[in-house]
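Here is the naming used below: chain letters follow the sequence lines, and residue numbers restart at 1 for every chain. Here the structure is a predicted model, which is why all the values come from computation and not from measurement.
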There are 2 protein chains.
Amino acid sequence: MAAQTGSQAVERASALLGLIVESGAPRTFSSLVDELGLAKSTTSRLLQALERSRLVYRDRTGAFRPGALFSLHAARPSALHDLSELARPTMEHLSELSRETVNLAVPRGGQLVSIDQVDSCYLVGATNWVGVDVPAHCTASGKVLYAYGALPRPTGQLERRTAHSPVDRAQLEHALVEVRRRGWAASLDELEIGLTAVAAPVRTVDGSVVAAVSVSGPTSRINDYGITRLGDVLVAELRGLSALLGHQPGRKEGFA
Amino acid sequence: MAAQTGSQAVERASALLGLIVESGAPRTFSSLVDELGLAKSTTSRLLQALERSRLVYRDRTGAFRPGALFSLHAARPSALHDLSELARPTMEHLSELSRETVNLAVPRGGQLVSIDQVDSCYLVGATNWVGVDVPAHCTASGKVLYAYGALPRPTGQLERRTAHSPVDRAQLEHALVEVRRRGWAASLDELEIGLTAVAAPVRTVDGSVVAAVSVSGPTSRINDYGITRLGDVLVAELRGLSALLGHQPGRKEGFA
DNA sequence: AACTCGGGTTCCATAATGTGAAACTTTGGA
DNA sequence: TCCAAAGTTTCACATTATGGAACCCGAGTT
């Protein structure tokens, strides 16, 4: 189906592993067989290989569960289970896709702050955002956090950073409606002329939004990539990240 | 080398995964190549497959790290990081090897108590030990815990359960020296006539012993398997389990 | 700039390895 | 006891993995 080149056996085995690990509950052999649609024999062999390698094991009932290697990783004191550690792989991936700067932002004290960043590989556009507080209303991540109630609405005057900054409350609210509709937010030249960002939400187990991930770069390059396309990619990738946080994709995606 | 039948590609890929996950530090491509001794091309393809499946990812520096699936598992609230959960795979494995009852025992209130058990597949020998306190000096696990200082020496009279129970303190101490020398302990008919057990220590990150795993069954069957052989198997397997707890095999294996 | 060294990926012919249908075994139910 | 379901092993076939060599790319060097 989605094989690029090369190792089909490994990919199939990995798919099995994925199913076993992702669904917290023990997976039965037959459920795996017809979920992947492989022959019983093939499935059996692959699972045996995984079992030999201690990547899965069969519990008492004969169902498959994540094996010792997973426990090992989980037990590592160094395996920071915090957000930025979890998000790293996804962010690296997004960085490769877009080749632009990727940021992970969370609300802090009524503003938003980036807690992790993967730099663009271009020279232009690789400023550091980690730790610097920026006005949320003119960033893509900020809009996401506003839209889904992760950040309380700003009080007082909305700062005008550029001619494009939204300073009118009604205008902002209108934008937020749009964000919720599409699932992602954009900010074109609103914080700084020539700087565009696209962001989407990261949800936790109860469906609430806890962070936003943004991709940002020169307006021209982002436009080349396509804002909508980028938004959709972000949403898709972050759905995966949300799953890591325990968010069940099926569930209501309410906004606080 | 140690392939039974079937899927070599998967096993090789798994071996790579193992190296990447086990050594907490990021692994470089070439280190993987010459550690496994596979062709560069093969290694490259396998790693690409693993990367596509999000089982590993390349960080900024190009080194390989455990991928999203591992984070996912680590983040699971259900992923009990406690001892018995961690030990399960190993215990199941031992159960299959020996086909006897496997117990995980920890010290509690000066005695020892089993906190998890995998039953033998034989009818004879499958009693439940979980939760029942037994006199430590006539069990294999107890001797292990004594030997490595996980359990303070017993006070008062040593209970005589059978004619083979060690009731003499000097005799016990002598046995403990032997335990430390070999790395495992045995108990033949000491708790109950006809019941033999072999046990070895589980170490945690600082090298101290926190638990013992024992294999026990009818003296005759255990003898058939070979006490020494069983002891060695236990030591080897538990070395792996100890690694899960962060114990660096190289480190000093001091006994408290 | 041109040259080269080392790490890494891609190509390619070869055959070894993985594949699925079906036969077989085992388990559990009625 | 007989049957159905669940899983494993067998087997003939060709798809798929393999490793050597060629290639690529970036970082030093002259």
Side-chain angles (χ1 to χ4, degrees), chain A residues 1-17 19-20 25-53 55-65 92-93 95-96 99 119-123 126, chain B residues 1-17 19-20 25-53 55-65 67 92 95-96 99 119-123 126:
Chain A
M1 308 225 146
Q4 312 234 131
T5 173
S7 336
Q8 129 182 135
V10 175
E11 299 222 333
R12 287 172 163 186
S14 301
L16 284 170
L17 240 194
L19 287 177
I20 292 168
R27 295 296 304 244
T28 143
F29 177 82
S30 23
S31 87
L32 292 171
V33 168
D34 40 39
E35 187 130 352
L36 274 196
L38 297 177
K40 283 196 298 180
S41 51
T42 305
T43 310
S44 179
R45 255 177 301 107
L46 292 177
L47 284 172
Q48 283 174 28
L50 290 176
E51 202 175 358
R52 258 177 265 132
S53 314
L55 280 167
V56 304
Y57 77 97
R58 296 182 145 218
D59 64 11
R60 206 91 292 240
T61 79
F64 289 94
R65 307 197 46 191
E92 301 259 6
H93 190 63
S95 161
E96 272 154 38
R99 313 190 57 80
D119 289 330
S120 158
C121 44
Y122 295 113
L123 291 170
Chain B
M1 307 239 147
Q4 312 232 132
T5 173
S7 332
Q8 133 184 131
V10 175
E11 299 220 334
R12 287 171 162 189
S14 301
L16 284 170
L17 242 192
L19 288 178
I20 292 167
R27 295 297 304 245
T28 142
F29 176 83
S30 22
S31 86
L32 293 170
V33 167
D34 41 39
E35 186 130 352
L36 274 195
L38 297 178
K40 282 196 299 177
S41 49
T42 305
T43 310
S44 179
R45 255 178 299 108
L46 293 177
L47 284 172
Q48 282 174 28
L50 290 175
E51 204 175 358
R52 258 177 264 133
S53 314
L55 280 166
V56 304
Y57 77 97
R58 300 184 138 211
D59 66 9
R60 206 91 289 239
T61 80
F64 290 92
R65 306 196 47 190
E92 301 260 6
S95 162
E96 271 153 40
R99 313 190 57 82
D119 289 330
S120 158
C121 45
Y122 296 113
L123 291 171

**Request:** Round to the nearest Å and state the distance from A:E51 atom CD to D:dT8 atom P.
**Result:** 9 Å
**Asked** What's the CZ-C1' distance between B:F29 and C:dT10, to the nearest Å?
**Response** 12 Å
Contacts under 3.5 Å, N or O only, protein and nucleotides 11-16 of chain C:
none

**Item:** Residue pair A:K40 / A:F29: nearest heavy atoms and the distance that separates them
**Value:** O-CZ, 3.7 Å
**Complete:** To the nearest angstrom, the CG-P distance between B:L47 and C:dT10 comes to 13 Å
**Message:** Quick check on DNA chain D: between B:T43 and A:F64, whose nearest nucleotide comes earlier from the 5' end?
**Reply:** A:F64
**Item:** Given DNA chain C, 5'-ward residue of the pair B:T42 and A:L46, judged by closest heavy atom
**Value:** B:T42
**Complete:** With sequence neighbours left out, the residues meeting side-chain contact (heavy atoms from CB on, under 4.5 Å) with A:S30 are A:T28
Just the atom pairs and distances: protein N or O near nucleotides 22-25 of chain D's N or O, under 3.5 Å.
none

**Complete:** Tightest non-hydrogen contact, residues B:V10 and A:A49, listed as CG1-CB, 3.8 Å
**Prompt:** Quick one: A:L32 CG to D:dT8 C1', roughly how many Å, whole number?
**Reply:** 16 Å
**Prompt:** Any side-chain heavy atom of A:L36 within less than 4.5 Å of one from A:T43?
**Reply:** no
**Message:** I want to check one thing: is the phosphate of C:dT17, taken as OP1 and OP2, less than 4.0 Å away from some side-chain N or O of B:R12?
**Reply:** no
**Message:** Without decimals, in angstroms, what is the distance between A:L50 CG and D:dT8 P?
**Reply:** 13 Å
**Request:** Would you indicate which nucleotide in D:dT9, D:dG19, C:dT9 comes nearest to any side-chain atom of A:Q48?
**Result:** D:dT9
**Request:** Please assess A:I20 against A:L47 for the test side-chain contact (heavy atoms from CB on, under 4.5 Å), listing each intermediate value before the final yes or no.
**Result:** CA-CA 11 Å; A:I20 292 168; A:L47 284 172; 4.0 Å; yes
**Request:** Search all heavy atoms of A:R58 against all heavy atoms of B:E92 and return the closest pair with its distance.
**Result:** O-OE1, 3.7 Å
**Asked** Over how many whole Å does the gap from A:D34 atom CG to D:dA6 atom C1' extend?
**Response** 12 Å
**Message:** On a heavy-atom basis, which atom in B:T42 and which in B:R12 lie closest, and how many Å separate them?
**Reply:** CG2-NH1, 4.2 Å
**Request:** Locate the shortest heavy-atom distance separating B:A13 from B:L50; write the atom from each residue and the value.
**Result:** O-CD1, 3.7 Å
**Message:** Check A:R27 with A:E35, please: is the shortest side-chain N to carboxylate O separation under 4.0 Å?
**Reply:** yes
